[in-house]
*Asks:* 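Please read through the structure below; I'll follow up with questions.
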Amino acid sequence: MTDAILEGLNEQQKEAVCCLEGPLLVLAGPGTGKTRVITRRIANLMAHGVDPRRILGVTFTNKAAGEMRSRVQALVGGASPLLCTFHSFCARFLRIEGPNIGLSPDYTIYDEEDSANAMKNVAKAMGLDEKQFPARSLRRWISNLKNRGIGPDGAPSHTFRDRIIQEVYAEYEKLLRRSQALDFDDLLLRAVRLLEENTAVRERYQDRYRYILVDEYQDTNACQYHLMKILGDRWRNVCATGDPDQSIYGWRGADIRNILNFEKDYPDAKVIRLEENYRSTGTILRCASSLIRHNRSRKEKDVWTRNPAGRKARLAVLADDSLEAYEVAATAEGWMRSGFRAGDIAVFYRTNAQSRPIEAALVESAIPYRIVGATMFYERKEIKDILAYLRLVANPSDEESLRRVINVPRRGLGEAVVKMLEDEARRKGIGLAALVFDRSAWPASLGGRRREALEGFADLISKAREKAGGKVETLVRHILDATGYLESLDEREEADRIANVEELVNAAAQFDADNPDGGLTRYLEEVALLTGVDRWDPSEDRVTLMTLHMAKGLEFPAVIITGLEDGLLPLQRIPDDRDDEDAERAALEEERRLFFVGITRAKRELVLMRAKARRRYGDYRTSMPSRFLDEIPRACLQIDDKATPSWAELHSGRRGGEPDDRDGFETYGRGCARRCRSDTDGEFAGDGAARRRRSQEGSEDGEGDHSADDREPAEQAAADDPPAKQPARRAAGRPVETDGGESQESPFDIEPGDRVSHHKFGVGVVESVTGSGLSAKATVRFRAVGRKILLLSMARLKKE
DNA sequence: AACTCTACGGTTTTT
DNA sequence: CCGTAGAGTT
């Protein structure tokens with residue numbers, strides 16, 4: 001048994017797996033087998049006879065938790081310990097213990113949008129100017145307070161703004177309370193408070209969890225930190241794993257000091273460093289190490305590898321973001337031709353907005369892809385509408401959900417009626433929801449037609465409530481029927497919405513199948529706490545697109561990181577009023593860590609890209625190379641400049657296969673509005689003459705000379721590659737115009753007549769394909785369920 | 001109450 | 001550029 005548990009581990013890993021008692025900190029560089037250590041350690045605990053119910057493992061995503069669970073099960077079998085995210089742990093804890101603090105077991109979890117809406121309503125009721133106090137800013141300010149464990153009473157009240165925020169905060173809390181709802185921050189905050197204040201509950205849980213593991217400890221915030229501190233206090237068998245160099249959530253309250261101070265919190269802690277990397281090539285690792293070395297506040301750690309050096313990373317320089325996107329497609333195609341599967345390839349970017357042109361290029365090139373995260377399925381309007389009905393059924397106090405659906409689809413209960421009901425509720429001192437579901441409380445002024453409409457609505461909800469105990473799928477279908485929601489959508493204009501709703505029915509059915517005794521509340525909780533990666537199916541053979549943040553914890557054989565431009569990566573922050581130099585440096589260092597995370601996802605191939613101009617809000621802005629590129633050793637980079645026109649092209653009046661309407665692009669960044677504070681700006685902003693002269697010295701292949709100096713600006717030599725080299729390569733940057741050009745009509749090669757299979761509907765035949773790109777839809781006649789319209793980018797159709 | 005039009009503003013990153 | 005929210009119109 002012990003053999004299997006320790007098999008194939010190095011000394012440090014073994015040490016970590018075998019150190020079962022007492023506080024333990026595992027500092028694990030990227031690719032050093034951290035997940036392996038955690039799962040083996042859990043298995044080892046169980047092999048030593050520890051009851052799995054006494055083990056708690058907290059991870060960053062549900063997917064990570066699920067993977068660990070199955071790996072542990074493969075090693076030791078039997079019951080699984082509780083493996084979940086911080087948020088889902090707290091959600092479950094509060095389902096059970098909530099009644100201690102007056103919280104219904106059926107409480108609703110408000111997501112970011114719900115919270116912002118609630119805050120908007122609060123601000124409106126207070127008569128605040130929306131421009132001066134935008135709901136999202138309010139939400140952010142209050143979230144910051146909550147993350148630091150500060151209630152409305154403890155909030156600062158020095159300035160006028162402070163006092164407004166304080167009041168909004170207090171009103172918002174009232175709204176949540178009467179709605180029996182918690183936002184994301186509350187889940188953590190309320191759980192911690194309950195544990196702090198209720199000795200009996202605290203001791204029960206402290207006693208239960210004899211062994212606690214926390215993954216990604218570098219990204220815990222104050223609440224999460226306290227939670228762990230409290231829960232681990234009884235047995236002090238707390239194992240934290242993480243990597244300070246991969247701390248990327250400072251902006252949402254994560255405090256890197258939690259991991260840096262672990263040894264202070266637990267003076268008897270054992271600290272183990274995992275430094276041998278098994279994931280990446282030597283060159284990729286060297287890029288990452290050189291980069292991260294530029295962070296000043298850092299715990300020194302040297303990750304090394306026995307892996308071969310591998311190929312250089314390529315830096316592709318493109319004229320604009322659309323050409324960058326085509327280069328992404330061309331690069332992926334090249335990899336696929338040389339034996340990589342689409343599923344081996346990942347494309348990372350800093351902001352979600354960057355995915356659009358890339359998507360378009362991939363569609364055009366008929367390369368299968370999937371975006372992870374972005375506008376997530378469960379954030380779509382139509383989905384949230386249906387979910388709001390479900391929530392209202394589960395929790396009749398939920399005011400936000402009530403407001404959302406009371407007139408959807410239109411049933412004559414518009415703004416005026418809601419206003420009237422609101423006033424009446426205030427007069428009676430009850431919540432809006434309480435009023436709506438209590439006929440005797442309705443105002444006399446509610447006239448015949450409106451009264452009928454409201455009766456219809458209240459009946460609808462209470463009828464649905466009778467079905468709440470059964471399968472979620474049944475309830476969803478009932479609600480669709482009873483509301484006429486699908487009929488209210490325009491078959492032609494909103495076909496993708498209809499398809500999405502169909503998908504939701506499938507998802508609900510899937511949940512019912514996976515959780516035979518699940519129940520509506522569990523379903524809503526699961527949906528609310530799904531992370532972006534949780535809905536990602538890595539077994540699908542598609543190129544994966546995601547933000548750098550979501551890439552954390554994953555690995556891919558071949559990786560493209562786009563948008564290596566100053567202002568984008570590192571991203572330019574909006575100047576805050578309390579902007580001191582330290583904060584600025586901390587922010588820059590976090591951006592550097594983000595890039596570090598991206599690079600270290602790559603196993604074999606790494607391509608970086610930057611565009612000299614980028615479309616933003618409709619017009620083009622020129623952009624400078626990312627300062628981070630200068631921090632990667634020249635010897636590790638092969639620069640592939642497809643944007644600088646060659647001598648021949650300049651003199652023939654043509655440029656890089658580009659249409660000629662792009663004049664003005666070469667004004668390199670003189671007009672760059674974004675970055676004018678850096679003193680190096682002058683040097684970059686010029687047309688490169690100075691750079692050219694300087695870099696002549698090191699020219700061409702500087703590997704031997706420069707290997708010791710990792711700080712030599714990498715890209716400078718690039719601009720000076722002999723022009724003659726350029727034209728031949730440029731073709732790859734152009735749109736792919738092959739295959740008769742019809743590929744847009746059927747992005748994933750699905751055509752009328754094809755036999756396809758769907759995970760829910762089974763086998764069917766494609767009747768027609770309409771639309772193009774992202775909104776491409778197929779009408780499929782399924783043997784079992786008849787004709788369905790499916791959105792190709794949503795439905796996971798497999799060709800038979 | 002519901003529809004149409006216009007103006008504005010949004011891009012960090014996510015549970 | 002795009003979608004949404006608010007105002008204005010019927």
Side-chain angles (χ1 to χ4, degrees), chain A residues 58-64 84-91 109-115 117 120 124 130-131 134-137 139-140 143 146-147 182-189 216 219-221 223-224 247-254 321-322 348-357 360 372-376 378-379 381 407-419 449-450 453 488 525-534 546-552 563 567-574 576 587 590-591 593-595 597-598 614-621 674:
Chain A
V58 180
T59 58
F60 207 67
T61 64
N62 296 297
K63 181 172 285 289
C84 56
T85 66
F86 269 108
H87 289 267
S88 52
F89 174 80
C90 292
I109 299 171
Y110 280 178
D111 67 19
E112 216 51 61
E113 188 194 338
D114 304 321
S115 309
N117 276 341
K120 197 182 215 169
K124 206 184 249 173
E130 280 180 83
K131 302 251 162 71
R136 290 195 80 76
S137 306
R139 168 81 194 111
R140 216 179 47 236
S143 176
K146 286 190 176 186
N147 278 329
L182 300 180
D183 64 25
F184 286 140
D185 304 320
D186 283 334
L187 290 174
L188 304 171
L189 187 59
E216 309 282 12
D219 281 320
T220 50
N221 67 22
C223 276
Q224 295 165 328
S247 161
I248 54 175
Y249 285 98
W251 53 272
R252 72 171 203 215
D321 51 350
S322 140
F348 303 147
Y349 34 78
R350 181 62 179 81
T351 64
N352 277 309
Q354 288 167 257
S355 68
R356 290 205 167 200
V372 180
T375 328
M376 278 186 290
Y378 287 99
E379 288 169 7
K381 256 195 309 289
N407 201 29
V408 175
R410 308 248 119 118
R411 51 170 74 90
L413 296 172
E415 228 178 331
V417 178
V418 173
K419 181 91 184 21
R449 193 164 298 168
R450 293 165 162 188
S488 76
E525 178 176 306
E526 187 173 301
V527 165
L529 297 179
L530 276 183
T531 69
V533 231
D534 290 336
M546 64 173 90
T547 62
L548 284 161
H549 279 89
M550 261 178 315
K552 191 176 70 164
L568 192 58
L569 184 63
L571 191 79
Q572 178 92 20
R573 316 184 301 138
I574 326 112
D576 219 272
E590 182 156 307
E591 294 289 314
R593 289 193 292 269
L594 193 52
F595 186 25
V597 166
R614 194 166 286 276
R615 213 178 173 132
R616 219 189 174 190
Y617 302 145
D619 51 19
Y620 283 95
R621 308 293 292 266
R674 267 179 281 167

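The basis for the numbers below is simple: all heavy atoms, side chains too, and nothing from hydrogens, waters or symmetry mates. Reminder, nothing fancy here: chain letters follow the sequence lines and each chain counts from 1.
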*Asks:* Using a cut-off of strictly less than 4.0 Å, decide whether A:N352 has a side-chain nitrogen or oxygen near OP1 or OP2 of B:dT12.
*Replies:* no

*Asks:* Please determine if a side-chain N or O atom of A:T531 lies less than 4.0 Å away from the OP1 or OP2 oxygen of B:dT15.
*Replies:* yes

*Asks:* Could you tell me the separation between the CZ atom of A:R140 and the C1' atom of B:dT11, rounded to a whole number of Å?
*Replies:* 13 Å

*Asks:* So, do A:K63 and A:T531 sit near enough that their side-chain heavy atoms are less than 4.5 Å apart?
*Replies:* no

*Asks:* OP1 or OP2 of B:dA1 sitting under 4.0 Å from any side-chain N/O of A:R449?
*Replies:* no

*Asks:* OP1 or OP2 of B:dT15 less than 4.0 angstrom from a side-chain nitrogen or oxygen of A:S88, does that happen here?
*Replies:*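 No, A:S88 has no side-chain N/O under 4.0 Å of OP1/OP2 on B:dT15.
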
*Asks:* Taking for each residue the nucleotide of DNA chain B bearing the nearest heavy atom, is the 5' side occupied by A:R410 or by A:A353?
*Replies:*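 Counting from the 5' end, the first nearest nucleotide belongs to A:R410.
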
*Asks:* Has A:Y617 got its ring stacked on B:dG10, by the test of a centre gap below 5.5 Å and a plane angle below 30°?
*Replies:* yes

*Asks:* Evaluate the side-chain hydrogen bond (donor to acceptor under 3.5 Å, both in side chains) criterion for residues A:S115 and A:E112: first the C-alpha distance (whole Å), next the side-chain angles of each, then the deciding distance (0.1 Å), finally the verdict.
*Replies:* CA-CA 5 Å; A:S115 309; A:E112 216 51 61; 5.0 Å; no

*Asks:* I need the CZ-P distance between A:R252 and B:dT15, as an integer number of Å.
*Replies:*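 From A:R252 CZ to B:dT15 P: 6 Å.
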
*Asks:* To the nearest Å, give me how far apart CE (A:M546) and C1' (B:dT12) are.
*Replies:*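 Result: 17 Å.
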
*Asks:* If I take atom NE2 in residue A:H549 and atom P in nucleotide B:dT12, what distance separates them, rounded to the nearest angstrom?
*Replies:* 12 Å

*Asks:* Is any NZ, NE, NH1 or NH2 atom of the basic residue among A:R356 and A:D321 found under 4.0 Å from an Asp or Glu carboxylate oxygen of the other?
*Replies:*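 Not counted as a salt bridge, because no side-chain N and carboxylate O are separated by less than 4.0 Å.
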
*Asks:* Could you give the distance separating B:dT11 and C:dG6 at their P atoms, to the nearest angstrom?
*Replies:* 16 Å

*Asks:* Is A:R450 close enough to B:dA1 that one of its side-chain N or O atoms is under 4.0 Å from OP1 or OP2 there?
*Replies:*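 For B:dA1, OP1 or OP2 has a side-chain N or O of A:R450 closer than 4.0 Å.
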
*Asks:* Rounding to a whole Å, what distance do you find between A:M550:CE and B:dT12:C1'?
*Replies:*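 One finds 12 Å between C1' of B:dT12 and CE of A:M550, rounded.
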
*Asks:* Under 3.5 Å, which protein N or O atoms sit close to an N or O of nucleotides 4-7 of chain C? Give each pair with its distance.
*Replies:*
unit_1: C:dT4; atom_1: OP1; unit_2: A:K381; atom_2: NZ; d: 3.0
unit_1: C:dG6; atom_1: OP1; unit_2: A:E130; atom_2: OE1; d: 3.1
unit_1: C:dG6; atom_1: OP1; unit_2: A:E130; atom_2: OE2; d: 3.1

*Asks:* Considering every strand and a 4.0 Å limit on heavy-atom distances, what is the contact class for A:N407: base, sugar-phosphate, or nothing?
*Replies:* sugar-phosphate

*Asks:* Would you mind telling me which residue lines up with the more 5' stretch of DNA chain B, A:E591 or A:E112, judged by nearest nucleotide?
*Replies:*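 Its nearest nucleotide lies further toward 5', so the answer is A:E591.
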
*Asks:* Rounded to whole angstrom units, what separation is found between the CD atom of A:E113 and the P atom of B:dT15?
*Replies:*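 One finds 15 Å between P of B:dT15 and CD of A:E113, rounded.
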
*Asks:* When the distance from CG of A:L187 to P of B:dT15 is rounded to whole Å, what number comes out?
*Replies:* 13 Å

*Asks:* Rounded to whole Å, please give me the gap between CG in A:N147 and C1' in B:dT14.
*Replies:*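 Interatomic distance, CG of A:N147 to C1' of B:dT14: 12 Å.
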
